[in-house]
Amino acid sequence: MPRNPAVVRTVPALRRTVEALRAKKATIALVPTMGALHDGHVSLVRLAKRRAKRVVVSIFVNPTQFAPTEDFGSYPRTWKADIAKLADEGVDLVWHPEVKAMYPDGFATRIVPEGPATAGLEDRFRPHFFGGVATVVGKLFTQVRPDVAIFGEKDFQQLRVVTQMAADLDLGVKVIGSKTVRERDGLAMSSRNVYLSAEERRAAPALNRVMKDTAARLRAGENTAKAMAAGAAAITKAGFVLDYLEVRHAATLAPIGSLKDGPMRMLVAAKLGTTRLIDNIAV
């Protein structure tokens, strides 16, 4: 029977346990999560195990990245199932702080990211989001002090923001992106997929299909504006309310005109019913 990972809930206990894990100069990988773990998270843990001797997974639903109108209170929390998954994967330590451990009374310092955090994608619709992400991830990096940290590519703008922050602030952690894990029908795995009704779940894979079709048109030489407009129309026709469908430079997230301008990434966000889905693919 798999052994449950150690669980710590205070910063002093975390520091003591991490120091013990570093015995004999063992390398440490951190996988930050908000819980409600699925196979996409498991893939992050497996990559972490390949990149470091010891693996720490954080489970913390971070209130500062949710707007008052968003789903902080109802965000899925599946603690027992999460621990069982992490035990099966041989995770060494789970960092599961209370909100007051992360944001104690009097907390007054926040990280305000720029660059890829102000690219006009997620930040246009969730202006609070990346400040909350950068602050909590900055804290996780300084608390755990990992050698590497693993993030999924599904949240591609977030990956670019965290990578930039770690480099800019000399945090001494290498940020590694892991490929998006998908259901058999192409839908990107997400903890929020549980919100989809049966009918919405059947419609949801259209998001990925349209992106792949649009990327193929771009690679075939079609005018970028024309191809993207057709893709946006197809997403709306499939029943989504589109926030954005954009093709950007894969490293900077700056607008891009054609394949000649550098590596491209197509990014999308759209609502299906009350559920907001995001996805991205390389072009």
Side-chain angles (χ1 to χ4, degrees), residues 38-44 46-47 116 119-126 150-163 176-283:
H38 49 67
D39 286 350
H41 295 108
V42 171
S43 74
L44 303 182
R46 291 176 179 173
L47 177 57
L121 297 166
E122 283 299 286
D123 53 290
R124 185 154 50 101
F125 295 88
R126 306 178 72 197
I150 312 296
F151 289 80
E153 287 188 352
K154 183 181 77 69
D155 299 283
F156 194 79
Q157 188 177 6
Q158 174 179 277
L159 172 62
R160 299 307 312 149
V161 169
V162 170
T163 301
I176 299 172
S178 182
K179 289 184 179 179
T180 302
V181 177
R182 300 183 180 278
E183 305 286 357
R184 288 188 176 184
D185 57 12
L187 176 64
M189 288 189 178
S190 168
S191 300
R192 288 187 169 96
N193 289 350
V194 299
Y195 298 154
L196 296 168
S197 68
E199 182 179 356
E200 290 165 352
R201 177 62 186 82
R202 287 190 292 272
L207 205 59
N208 183 245
R209 287 199 300 272
V210 171
M211 280 200 302
K212 286 163 50 174
D213 290 346
T214 305
R217 295 169 72 164
L218 291 172
R219 289 193 293 267
E222 186 169 327
N223 173 268
T224 300
K226 181 180 178 182
M228 299 304 290
I235 289 170
T236 300
K237 185 177 180 181
F240 292 84
V241 176
L242 183 65
D243 280 350
Y244 60 81
L245 175 69
E246 298 270 356
V247 61
R248 297 295 186 93
H249 192 282
T252 65
L253 299 184
I256 197 167
S258 73
L259 291 171
K260 297 177 182 178
D261 294 337
M264 298 170 74
R265 199 87 186 183
M266 189 178 300
L267 304 100
V268 68
K271 284 184 180 176
L272 193 56
T274 60
T275 306
R276 189 171 184 272
L277 302 176
I278 64 171
D279 202 349
N280 66 87
I281 60 172
V283 178

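Note that CE of M266 and CG of L245 are 6.0 Å apart. Values are rounded to the nearest 0.5 Å. In this structure, K212 NZ and R217 CZ are separated by 16.0 Å, a value rounded to the nearest 0.5 Å. Summarising the geometry, atom CG belonging to L196 is positioned 4.5 Å from atom OG1 belonging to T275; distances are rounded to the nearest 0.5 Å. Considering CZ of F156 and CZ of R248, their distance stands at 12.0 Å, rounded to 0.5 Å. Rounding to the nearest 0.5 angstrom, the gap separating the CZ atom in R160 from the OG1 atom in T252 is 8.5 Å. Of the inter-residue distances, the one linking F151 atom CZ with I176 atom CD1 reads 11.0 Å to the nearest 0.5 angstrom.
Panel note: side chain D213, backbone M211; no donor-acceptor pair is recorded below 3.5 Å. Although no hydrogens or angles enter the test, the distance criterion places no donor-acceptor pair under 3.5 Å between the side chain of N208 and the main chain of P205. Distance alone, capped at 3.5 Å, places no donor-acceptor pair between the E183 side chain and the A188 backbone.
We find that R265 and E153 are joined by a salt bridge, their nearest charged nitrogen and carboxylate oxygen being less than 4.0 Å apart. Of the charged side-chain nitrogens involved, at least one lies within less than 4.0 Å of a carboxylate oxygen, so that D185 and R201 count as a salt-bridged pair.
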Below 3.5 Å, can you tabulate the donor-acceptor pairs from side chains in residues 225-243 to any protein atom, sequence neighbours excluded?
unit_1, atom_1, unit_2, atom_2, d
T236, OG1, A232, O, 3.2
D243, OD2, R276, NE, 2.8
D243, OD2, R276, NH2, 3.3

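A donor and an acceptor atom, one from each side chain of Y244 and E122, are located under 3.5 Å apart.
Nearest approach of A215 to I281, heavy atoms of both residues: CB-CD1, 3.9 Å. In this structure, L277 and A204 approach most closely via the heavy-atom pair CD1-CB, 4.1 Å. When all heavy atoms of I278 and A269 are compared, the pair lying nearest together is CG2-CB, 3.8 Å. The nearest pair of heavy atoms linking G273 to E200 is CA-OE2, 3.3 Å. The two residues A270 and L207 make their nearest non-hydrogen contact at CB-CD1, 4.1 Å. Taking both residues in full, the closest heavy atoms of L47 and G177 are given as CD2-O, 4.3 Å, listed atom of the first, atom of the second, then distance.
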#### Entry: Derivation and outcome, side chain to side chain contact (heavy atoms under 4.5 Å, CB included), residues S178 and R46
CA-CA 10 Å; S178 182; R46 291 176 179 173; over 6 Å; no
### Message
Before you tell me yes or no, could you show the steps for R182 and D279 under salt bridge (Lys or Arg N to Asp or Glu O under 4.0 Å), namely the whole-Å CA-CA distance, both residues' side-chain angles and the distance that decides it to 0.1 Å?
### Response
CA-CA 10 Å; R182 300 183 180 278; D279 202 349; 2.8 Å; yes
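Contact annotation: the side chain of D123 approaches that of Q157 to within less than 4.5 Å [non-hydrogen atoms, C-beta and beyond]. Counting heavy atoms from C-beta outward, N280 and V268 have side chains that stay 4.5 Å or more apart.
For R219, there are no salt bridge (charged side-chain N to carboxylate O under 4.0 Å, His left out) partners two or more places apart in sequence or in a different chain.
Summarising the local packing, CD of E199 is surrounded by 12 or fewer heavy atoms from other residues, nucleotides or ligands at distances under 6.0 Å.
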